[in-house]
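Read through the structure below, which is laid out as structure tokens, and then see the notes.
All ligand and atom numbering here is 1-based and tracks the order in the structure.
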Amino acid sequence: MSPIVMKFGGTSVADLERINHVADLVAAQAKESKGGVAVIVSAMAGETNRLVSLANEAAGSGLVGETFDDEYDVVVASGEQVTSGLLALALRKRGFRARSWLGWQMPMITNDVHGKARIEDIEGNGFSEAIGSGEIAVVAGFQGRSAEGRITTLGRGGSDTSAVAVAAGLNALRCDIYTDVDGVYTTDPRIVSKARRIDRISYEEMLEMASLGAKVLQTRSVELAMNHGVPIRVLSSFAPAGDENNGTLVCDEDEIMEKQVVSGIAYSRDEAKISLLGVVNHPGAAASIFSRLADANVNVDMIVQADARGPDKANMVFTCTQRDSELAVSVLTDAKEEIGFESVVVDRDVSKVSVIGVGMRSHTGVAKTMFDALSDRGINIQVISTSEIKISVLINSSYTELAVRALHTAYGLDAES
Ligand code: ASP
Ligand code: MG
């Protein structure tokens, strides 16, 4: 019989009162689930930030953040150890058999990229047997162990990924991710008061939403869930028991009866637009630009190339994060002669707004609706990029909210008030 996996984020375990409430939720699930329960916990809210600053301070500037020290992981992983022990104690107090499992005890084997390690395998040192025997496993999220036996962490927000990995490893029925919001919304409710909670969303759409700035789930956890077919339910640990309006199921597209053409609108303000003007246009020009950026680990997103003043010169425009933009400019400036361009211009006053929906594959006119809605508000589109299930535009950042609201209305996503 398949177990259920439950994961609780930082705000859900912020103090002992919250941890006791979580213990009640887990206890109720444990009574119901015939296949047992595994619980993954984050550190108490704010704790990881505190530990990161401590490590930074001890290491001195420059050491942590660029290349992570293995001792950085020893420090920041400790937050999850505390909450796993506290929750196991609270469950024992309620008469349940429960124990904590740290990353190295399971063991959750990762590669040795400290600070952002990737999970390679869960060896399951008696772990699934313990769950099968009816003991509640309380797993410290976010942490693992390298082949060398060192403690690793999975990158910020990584306990979502721990939870999905455990769920995949146990062949769990479902992975319930408890947080402080009651699901995934059609867009950011802080911007659009008529944003609606989505009942079901496909992995692919969720992946786009997560990587485009909807911060409910770590992007990698969605990827992992999609690859292993683990259904995720995102729900609030603050909602009253039995609340029917709690939760969004992230699942296979086939399990969604009513497919929307557009399911959500995402936006990101962390964008910079870099324009290389007067690039000598010959075969290999793009390769010479983007291979240099790749070597410098600059993650390039949108790209457009257009002829400039006749066919032998081109303008190359691309976007990256604001953080990467300085590096991108310096890498390109250093290679100005070899690449062959006239000048480089950076604009950091830009935002990316995207409409996402699997229904786009089979519907026409989705782009037209977007462009009409933006032009009606006098919003100029600087760069466009598309994929099968997404259209993104780059606009001046002062229009971000206006654009998101206009698109939310244009695609009929507004809640009826
Ligand atoms: N505690 C870690 C963080 O704050 C991991 C997590 O909560 O997902 O990033
Ligand atoms: Mg999180």
### Query
Should the pair Lys336-Asp334 be classified as a salt bridge under the 4.0 Å nitrogen-to-oxygen rule?
no
### Query
Between Lys7 and ligand 1, does any nitrogen or oxygen pair lie at a separation below 3.5 Å?
no
### Summary
Here the pair of heavy atoms bringing Leu102 nearest to Ser84 is CD2-OG, 3.9 Å
### Query
Backbone, side chain, both or neither: what part of Glu80 comes under 4.0 angstrom of ligand 1, heavy atoms only?
side chain
#### Entry: Contact with ligand 1 for Gly157, non-hydrogen, under 4.0 angstrom
yes
### Query
Relative to the heavy atoms of Ser42, which atoms of ligand 1 are at a distance of less than 4.0 Å?
6 (C), 7 (O), 8 (O)
### Message
I'd like to check the salt bridge (Lys or Arg N to Asp or Glu O under 4.0 Å) partners of Glu401; sequence neighbours left out, ordered by chain and number.
### Response
Arg269
### Message
Just to check, does Gly9 reach to within less than 4.0 Å of ligand 1 when the distance is taken from its heavy atoms?
### Response
no
### Message
For a 4.5 angstrom cut-off between non-hydrogen side-chain atoms, does His21 reach Phe8?
### Response
no
## Note on the structure
Sorted by chain and residue number, the side-chain hydrogen bond (donor to acceptor under 3.5 Å, both in side chains) partners of Ser263 (sequence neighbours excluded) come out as Glu205
### Task
Report, in ascending order of atom number, the atoms of ligand 1 lying under 4.0 Å from any heavy atom of Arg156.
3 (C), 4 (O), 9 (O)
